[in-house]
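First the structure, in the form of structure tokens, and then the observations on it.
Atom set for the values below is all heavy atoms of this structure, side chains included, hydrogens, waters and symmetry mates excluded.
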Amino acid sequence: MSDEVGRPLDRVDGALKVTGRAPYAPETRVANAARALIVSSTVSAGRLADIDTREAERAPGVLAVLTHKNAPKLKGADSHSRGDRVLQVLQDDALVYNDQPIAVVVADTLEHAQRAGELVRPRYERRAVNVVMARESTAPVKPDKTARGPTDTDHGDFDAAWAAAAVRVDATYTTPAENHNPMEPHGTVAVWQGQDRVTVYDSTQGVFRVRARIAELFDLKPENVRVISLFIGGGFGCKGSPWSHVALAVMAAQVVGRPVRLTLTRQQMFSLVGHRPATRQHLMLGAERHGKLLAVRHDVESATSRFDQFVEPSASQTRMLYACPNIRTSHRLRRLDIPTPTFMRAPGEASGTFALESAMDELAYAAAVDPLELRLRNYAETDPDTGRPFSSKSLRQCYQAGAQRFGWSRRKSQVGAMRDGRLLVGWGMATATYPAGQSEAKATVRLRADGTAVVQTGSQDIGTGTYTILGQVAADALGLPVDRVRVEIGDTKLPEAPLSAGSRTASSVSPAVKGAAEAARAAAIALAVADRRSPLYGLASGQIAVAGGQLRGPGGGHQETYAAVLSRARKDEVVGQFDSKEKPDRKDYAIHSFGAQFAEVTVDPDLGQVRVRRFVGAFATGKVLNSKTGRSQLMGGIVWGIGMALLERTERDARTGRVVTRDLADYHVPVNLDVPPIEIVMIDEADAHVNDVGAKGMGEIGNTGSHAAIANAVYHATGRRIRDLPITPDKLLL
Ligand code: MOS
């Protein structure tokens, strides 16, 4: 029964958000809240020889000035379990990146905190810094593992196959550091209740992750830490880890004995909450004369900090995307004097598909094969890495539907052959892919005597539509109209759910909600069939169907509402609970989403300016739970692809290590005029293996390959192969 699932319902939180009534965590109203402000370093490496806070402490309104000299000691700030990051929370005098917290000023107002912050006088002992990932300046480090399995893989005999190849591509691609720029910067409100309990309102993708980290740092019982995050103004991975400022807010509130509100400035977003690391990727593709792959090699280097280890797994998709018996991949790190990188939308695949899909385009020209035809010649029917079958794979349909909508067959194959007046026109395409994971999630569904239902699960809505889709899933399982279902998420008081990251929320939390709703439904049915006064009395539970809030016996002759069943039984509610675990047969399959990206660009031959004029993306991501929020996710990924392809780059001053693109005037993200009409095609796909609702997740795949399609279109227009993102005009004019 699927009345609500799949429908393009508006976001249930949409009106609240656009009318300013949605309480975002950092703006939560709490009585008597003080303001905390992070004072950060202006040097990138060395130590704090001293920090003079006397003047700051005397400034108006100041409640406390915390530094490493007086800050409470926390436990485990220098560890990184569970994917947490090493923190800089005033525990010592070490300086490990620019804009690192060196003091926290707490005052009665933000203005007073800002004034006092200017009066904090650090004295630095500087060390020479290196923030440039040049080959000669750093030695590669082999990490222990990546978030996607081993650092290295080696199937077949790459060297022999490469030697035998008739056509070869051997090229190096580079992608810059990029920073997450959600509309809402991070922020935290910390409220202690006595000495051993704290409530934390935090803009986070994972309330339980924050709870665990705060409990560890402050030596509290997890159940004594409550984390609330009801509405989040975008996440993209930066809000997936509890960063230093969260702990500093809790610490500041503890010290001053008042609630504390701490928000990051946009500038601090460029250093305190991670970034996508720069990569250098060496691709070698060897093929038969007509493009059938014989040898694939992808060696990735990515930047990380000196004190922590984050690996950008950019070769992941190269292990599984194309059929080839000889595939070798590796990941290495280069340590720099920078903050630690972190997950950023499609971590790994975002930068990795740029390299792989650019190289495939290069191979298409080298073998004189149409780029789409080249992908079809190398279509993987099983996963080349594990040998497993795909749980579902509708990539052929994506290629076909996308190409048809785009009009790919009308493409002139020669470079520079398509023009519009003085503008050069280029058409490019690329494959999109992202793994479909599933994590354990718990949910409770309460079926109320008034005929409504409440869904409870400690998940998050980072703007993706979680509130909306969970209501749809519960509505169908209960046989209730969706407007009678209310969804509660974003609170550690609710059943535990995973981080909203890795495109896993729909695939992990919906099965839990479905299971809980089915349990609640079963409980209501059990009441009805056991009750002599019910028209359904004596029927077998399996004979009862539910729809429109009605329980119906066979033939439709006997029926009554949930409300009638519960009120006669004098119950306020019946409750269903479910703990959804990874489906056991998942390990027999390779489980990935797929898509095909098609871009049309124009290039101004005199100015080198690239405009994306048209974009079509076709995706198969399992069951689509809401075609409107899903389409929005996929489009958002493509918009980000325009940013990666043409605009985004975090620039550091090589002498000081300081980020110079620290705001949205200098760090360019696509604005409306950069974004052309984007057409999204969603291929309906049934997948019985992925999880009990069949959803694979749509959060990240839209980004993958989109930048490569644009870069490939630029080549088609100009004959210029830009292997270094972003494709700024200077690179085309040189
Ligand atoms: Mo996403 S980068 O896993 O929040």
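Atom CG of Asp157 has more than 12 neighbouring heavy atoms from other residues, nucleotides or ligands inside a 6.0 Å radius. Counting heavy-atom neighbours within 6.0 Å of Arg388 CZ, excluding the residue itself, gives a total above 12. Other residues, nucleotides and ligands contribute only 12 or fewer heavy atoms inside 6.0 Å of the CZ atom of Arg631. Heavy atoms from other residues, nucleotides or ligands lying under 6.0 Å from CG of Leu673 number 12 at most.
A heavy-atom distance below 4.5 Å is not found between the side chains of Leu285 and Arg168. When side chains are defined from C-beta on, Arg85 counts as touching Thr342, because their heavy atoms get closer than 4.5 Å. Residues Val296 and Thr318 meet the side-chain proximity criterion, which asks for heavy atoms closer than 4.5 Å. Counting only heavy atoms from C-beta outward, the side chains of Gln309 and Leu333 approach each other to under 4.5 Å.
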Can you list the steps and then say if Thr704 with Thr433 is a side chain to side chain donor-acceptor pair (under 3.5 Å)? CA-CA 6 Å; Thr704 68; Thr433 186; over 6 Å; no
Derivation of the ring pair (Phe, Tyr, Trp, His ring centres under 6.0 Å) call for Phe598 and Trp408: CA-CA 8 Å; Phe598 297 85; Trp408 185 257; 5.5 Å; yes
Set out, in order, the CA-CA distance, both residues' side-chain angles and the distance that settles side chain to side chain donor-acceptor pair (under 3.5 Å) for Thr151 and Thr146, then state yes or no. CA-CA 6 Å; Thr151 55; Thr146 81; over 6 Å; no
Side chain to side chain contact (heavy atoms under 4.5 Å, CB included) assessment of Phe158 paired with Ile327: CA-CA 6 Å; Phe158 170 83; Ile327 304 179; over 6 Å; no
Which is it for Phe406 and Phe615 under the ring pair (Phe, Tyr, Trp, His ring centres under 6.0 Å) test, yes or no, and what are the steps along the way? CA-CA 8 Å; Phe406 188 82; Phe615 205 106; 8.1 Å; no
Evaluate the criterion ring pair (Phe, Tyr, Trp, His ring centres under 6.0 Å) for residue pair Phe619 and Phe594; output intermediate values, then yes/no. CA-CA 6 Å; Phe619 302 92; Phe594 293 95; over 10 Å; no
Could you walk me through whether Ser314 and Ser351 pass side chain to side chain donor-acceptor pair (under 3.5 Å), step by step? CA-CA 6 Å; Ser314 303; Ser351 49; 2.9 Å; yes
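At a cut-off of 3.5 Å, with distance as the only test, no side-chain donor of Thr353 or Gln317 sits close to an acceptor on the other residue. Inspection of the Thr661 and Thr650 side chains reveals no N or O donor paired with an N or O acceptor under 3.5 Å. In this structure, a donor-acceptor pair under 3.5 Å is present between the side chains of His298 and Gln281. Using modelled atom types, one finds no donor on one side chain facing an acceptor on the other under 3.5 Å when comparing Ser302 with Glu312. If you check the side chains of Asp385 and His155, you find a donor sitting under 3.5 Å from an acceptor. Side chains of Ser500 and Thr505: a donor-acceptor N/O pair is present below 3.5 angstrom, by distance only.
Residues satisfying the side chain to side chain contact (heavy atoms under 4.5 Å, CB included) test with Arg504, not counting sequence neighbours, are Ser439, Ser507, Ser508. Every residue two or more places apart in sequence or in another chain that forms a side chain to side chain donor-acceptor pair (under 3.5 Å) with His689 is listed here: Asp585, Tyr589. For Thr629, there are no side chain to side chain donor-acceptor pair (under 3.5 Å) partners, not counting sequence neighbours. Residues passing the salt bridge (charged side-chain N to carboxylate O under 4.0 Å, His left out) test with Asp299, sequence neighbours excluded: Arg297. For Gln597, the side chain to side chain donor-acceptor pair (under 3.5 Å) test picks out no residue, with sequence neighbours left out. Not counting sequence neighbours, Thr382 has no partner by the side chain to side chain contact (heavy atoms under 4.5 Å, CB included) test. Scanning for side chain to side chain contact (heavy atoms under 4.5 Å, CB included) contacts around Thr602 gives Leu423, Val425, Arg611, Arg613, with sequence neighbours left out. With sequence neighbours left out, the side chain to side chain contact (heavy atoms under 4.5 Å, CB included) criterion links Gln633 to Arg345, Thr464, Met698. Among residues two or more places apart in sequence or in another chain, the salt bridge (charged side-chain N to carboxylate O under 4.0 Å, His left out) test is passed with Asp724 by Lys731. Every residue was checked against the ring pair (Phe, Tyr, Trp, His ring centres under 6.0 Å) condition with Tyr322, not counting sequence neighbours, and none meets it.
Between the CE atom in Met429 and the OG atom in Ser706 there is a gap of 12.5 Å [rounded to 0.5 Å]. Atoms NZ and OG, on Lys696 and Ser392 in that order, are 3.0 Å from each other to the nearest 0.5 Å. Rounding to the nearest 0.5 angstrom, the gap separating the CZ atom in Phe236 from the CZ atom in Arg276 is 11.5 Å. Separating the CG atom in Asp383 from the OG atom in Ser391 is a distance of 10.5 Å, to the nearest 0.5 Å. Note that CD1 of Ile680 and CG of Leu634 are 5.0 Å apart. Values are rounded to the nearest 0.5 Å. Expressed to the nearest 0.5 Å, how far CE of Met344 lies from CD of Glu178 amounts to 5.0 Å.
The salt bridge (charged side-chain N to carboxylate O under 4.0 Å, His left out) analysis of residues 317-331, with sequence neighbours excluded, yields the pairs Asp154-Arg328, Asp159-Arg328.
The two residues Ala645 and Leu725 make their nearest non-hydrogen contact at O-CD2, 3.8 Å. Between Leu321 and Ala380, the shortest heavy-atom distance links the atoms O-CB, 3.8 Å.
A salt bridge between Arg649 and Glu651 is present, with a side-chain N of the basic residue lying under 4.0 Å from a carboxylate O of the acidic one. With respect to Glu357 and Arg375, a salt bridge is recorded, a charged nitrogen being found less than 4.0 Å from a carboxylate O. Between Asp692 and Lys583, at least one side-chain N (NZ, or NE/NH1/NH2) sits under 4.0 Å from a carboxylate O, which counts as a salt bridge.
Put simply, the side chain of Glu685 gets close to the backbone of Ser394: a donor and an acceptor are under 3.5 Å apart. Judged purely by atom type and a 3.5 angstrom limit, Tyr379 uses its side chain to pair as donor or acceptor with the backbone of Arg396. A side-chain donor-acceptor contact under 3.5 Å links Thr466 to the backbone of Gln460. Checking side-chain atoms of Arg377 against main-chain N and O of Lys292 turns up no donor-acceptor pair under 3.5 Å. A distance-only check finds a donor-acceptor pair linking the side chain of Asn326 to the backbone of Leu294 [under 3.5 Å].
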Quick one: side chains of residues 397-405, donor-acceptor pairs under 3.5 Å with protein atoms, not counting sequence neighbours, listed by atom name and distance.
{"residue": "Tyr399", "atom": "OH", "partner": "Thr431", "partner atom": "OG1", "Å": "2.8"}
{"residue": "Arg405", "atom": "NE", "partner": "Glu679", "partner atom": "OE2", "Å": "2.6"}
{"residue": "Arg405", "atom": "NH2", "partner": "Glu679", "partner atom": "OE2", "Å": "2.8"}

